[in-house]
*Asks:* 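I'd like to ask you about the structure that follows.
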Amino acid sequence: MTLKDISNGPDWIMWIVVILFAILSIVFLTGHGAGFIAGYNTASKEEKSKYDEKKLCRVMGAGFSVITVCILIMAIWEDCLPAEFAYVFLAVVLIDCVIMIVLTNTVCKR
């Protein structure tokens, strides 16, 4: 059984998600888009001053890039990849999110 066998929606939705995540990755990697980070955009001035905004955006951009590449792999090779790759994708995303949380609370603090 492949990923194609278990997918329910049209393929173009996957490509739209890839494009959106790629755009967000680029915006974050360039050091912009801090307003898209949940919690940071609503933080007070004092709370925001505790973080290096450029580093924060770059960490988020790197994390989003990993997820984008995984979704891209799933979109391109969904006919070949086994259905169990969905579990690999889930594990990679969860590990990526944990790493992003740890890095934002350690490396990105001033």
Side-chain angles (χ1 to χ4, degrees):
M1 185 181 303
T2 64
L3 279 175
K4 182 84 169 171
D5 298 331
I6 63 171
S7 67
N8 294 326
D11 291 342
W12 59 269
I13 292 176
M14 185 77 92
W15 290 107
I16 289 176
V17 170
V18 169
I19 291 168
L20 288 174
F21 269 69
I23 291 170
L24 274 174
S25 297
I26 291 168
V27 168
F28 283 136
L29 286 172
T30 59
H32 300 89
F36 292 123
I37 301 173
Y40 184 76
N41 61 353
T42 59
S44 65
K45 289 259 188 203
E46 297 113 19
E47 194 67 31
K48 284 183 181 181
S49 66
K50 295 178 183 177
Y51 292 93
D52 184 349
E53 189 173 303
K54 291 274 188 193
K55 282 184 185 177
L56 185 65
C57 287
R58 290 197 178 123
V59 166
M60 296 301 288
F64 269 80
S65 296
V66 170
I67 296 170
T68 304
V69 169
C70 287
I71 296 172
L72 183 63
I73 289 170
M74 286 176 39
I76 292 173
W77 290 296
E78 79 175 329
D79 293 333
C80 306
L81 289 172
E84 290 78 20
F85 188 77
Y87 297 117
V88 174
F89 172 74
L90 178 65
V92 169
V93 169
L94 289 175
I95 291 168
D96 186 44
C97 288
V98 168
I99 290 171
M100 282 194 298
I101 290 169
V102 169
L103 289 177
T104 56
N105 287 312
T106 56
V107 173
C108 298
K109 285 214 175 180
R110 293 182 188 229

*Asks:* Determine the minimum heavy-atom distance between Lys48 and Asn41, stating which atoms define it.
*Replies:*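 The pair with the smallest heavy-atom distance is NZ-O, 3.9 Å.
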*Asks:* Any Lys/Arg nitrogen of Lys4 or Asp11 sitting under 4.0 Å from an Asp/Glu carboxylate oxygen of the other?
*Replies:*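 Looking at Asp11 together with Lys4, the answer is yes, because their closest N to O distance falls below 4.0 Å.
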*Asks:* Taking it one step at a time, do Leu90 and Leu94 satisfy side chain to side chain contact (heavy atoms under 4.5 Å, CB included)?
*Replies:* CA-CA 6 Å; Leu90 178 65; Leu94 289 175; 4.1 Å; yes
*Asks:* Compare every heavy atom of Val107 with every heavy atom of Lys55, then report the nearest pair and how far apart it is.
*Replies:*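 Closest approach of Lys55 to Val107: CD-O, 3.7 Å.
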*Asks:* Does either side chain, that of Glu47 or that of Tyr40, offer a donor lying less than 3.5 Å from an acceptor on the other one?
*Replies:*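 Glu47 vs Tyr40: no donor-acceptor pair found between side chains.
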*Asks:* Once you round to the nearest 0.5 Å, how far does CG of Asp96 lie from SG of Cys70?
*Replies:*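 Between Asp96 CG and Cys70 SG, I get 8.0 Å after rounding to 0.5 Å.
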*Asks:* Evaluate the side-chain proximity of Lys109 to Thr104: yes if any heavy-atom separation is below 4.5 Å, no if none is.
*Replies:*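 Not in contact.
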*Asks:* Quick one, Val66 and Val92 - any side-chain contact, counting heavy atoms below 4.5 Å?
*Replies:*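 A side-chain contact exists here, since the closest heavy-atom pair is under 4.5 Å.
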*Asks:* Just verifying a value: how many Å separate Thr2 OG1 and Asp79 CG, rounded to the nearest 0.5 Å?
*Replies:*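 It is 6.5 Å, given to the nearest 0.5 Å.
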*Asks:* Verify the cluster assignment for Phe36 and Val17: are they in a single hydrophobic cluster under the rule of side-chain heavy atoms below 4.5 Å apart?
*Replies:*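 As far as the 4.5 Å side-chain criterion goes, Val17 and Phe36 are connected within one cluster.
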*Asks:* So among Leu20, Ile19, Val18, which one has a side chain to side chain contact (heavy atoms under 4.5 Å, CB included) with Ile16?
*Replies:*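 Going through Leu20, Ile19, Val18 one by one, the side chain to side chain contact (heavy atoms under 4.5 Å, CB included) with Ile16 is satisfied by Leu20 alone.
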*Asks:* So do Lys50 and Arg110 actually touch side chain to side chain, heavy atoms under 4.5 Å?
*Replies:*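 No. Closest side-chain heavy atoms not under 4.5 Å.
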*Asks:* How long is the gap from CD1 on Ile26 to OG on Ser65, to the nearest 0.5 Å?
*Replies:*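 Nearest 0.5 Å value for the CD1-OG distance: 8.0 Å.
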*Asks:* Once you round to the nearest 0.5 Å, how far does SG of Cys108 lie from CD1 of Ile37?
*Replies:*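 Output value for this atom pair is 8.5 Å.
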*Asks:* Is there a path of hydrophobic side-chain contacts, each under 4.5 Å between heavy atoms of I/L/V/M/F/W/Y residues, joining Ile101 to Val93?
*Replies:*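 Each belongs to a different hydrophobic cluster.
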*Asks:* Are Phe21 and Ile76 grouped together when hydrophobic residues (ILVMFWY) are joined by side-chain heavy atoms under 4.5 angstrom apart?
*Replies:*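 Yes: a chain of side-chain contacts under 4.5 Å links Phe21 to Ile76.
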*Asks:* Tell me the closest heavy-atom pair linking Leu3 and Phe85, and the distance in Å.
*Replies:*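 That closest heavy-atom pairing would be CD1-CD2, 4.1 Å.
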*Asks:* Would you name the heavy atoms of Leu29 and Gly61 that are closest together and state the gap between them?
*Replies:*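 Reported closest heavy-atom pair: CD2-C, 3.7 Å.
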*Asks:* Parallel, tilted or perpendicular: which one describes the rings of Phe64 and Phe28, with boundaries at 30° and 60°?
*Replies:*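 Aromatic pair Phe64/Phe28 classed tilted.
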*Asks:* Identify the two heavy atoms, one from Val102 and one from Thr106, that lie closest to each other, and give their separation to 0.1 Å.
*Replies:*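 Heavy atoms of Val102 and Thr106 come nearest at O-OG1, 2.8 Å.
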*Asks:* Hey, are the side chains of Ile71 and Met14 touching, using non-hydrogen atoms and a 4.5 Å cut-off?
*Replies:*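 Yes, close enough: below the 4.5 Å cut-off.
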*Asks:* Please confirm whether the backbone N or O of Met1 pairs with a side-chain atom of Asp5, one donor and one acceptor, at under 3.5 Å?
*Replies:*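 Looks like no, no N/O pair under 3.5 Å.
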*Asks:* Hey, could you give me the NE2/NZ distance between His32 and Lys54, rounded to the nearest 0.5 Å?
*Replies:*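 Rounded to the nearest 0.5 Å, the NE2-NZ separation comes out at 4.5 Å.
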*Asks:* Which heavy-atom pair separates Ala75 from Trp15 by the least distance, and what is that distance?
*Replies:*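 So the minimum-distance heavy-atom pair works out to CB-CZ2, 3.9 Å.
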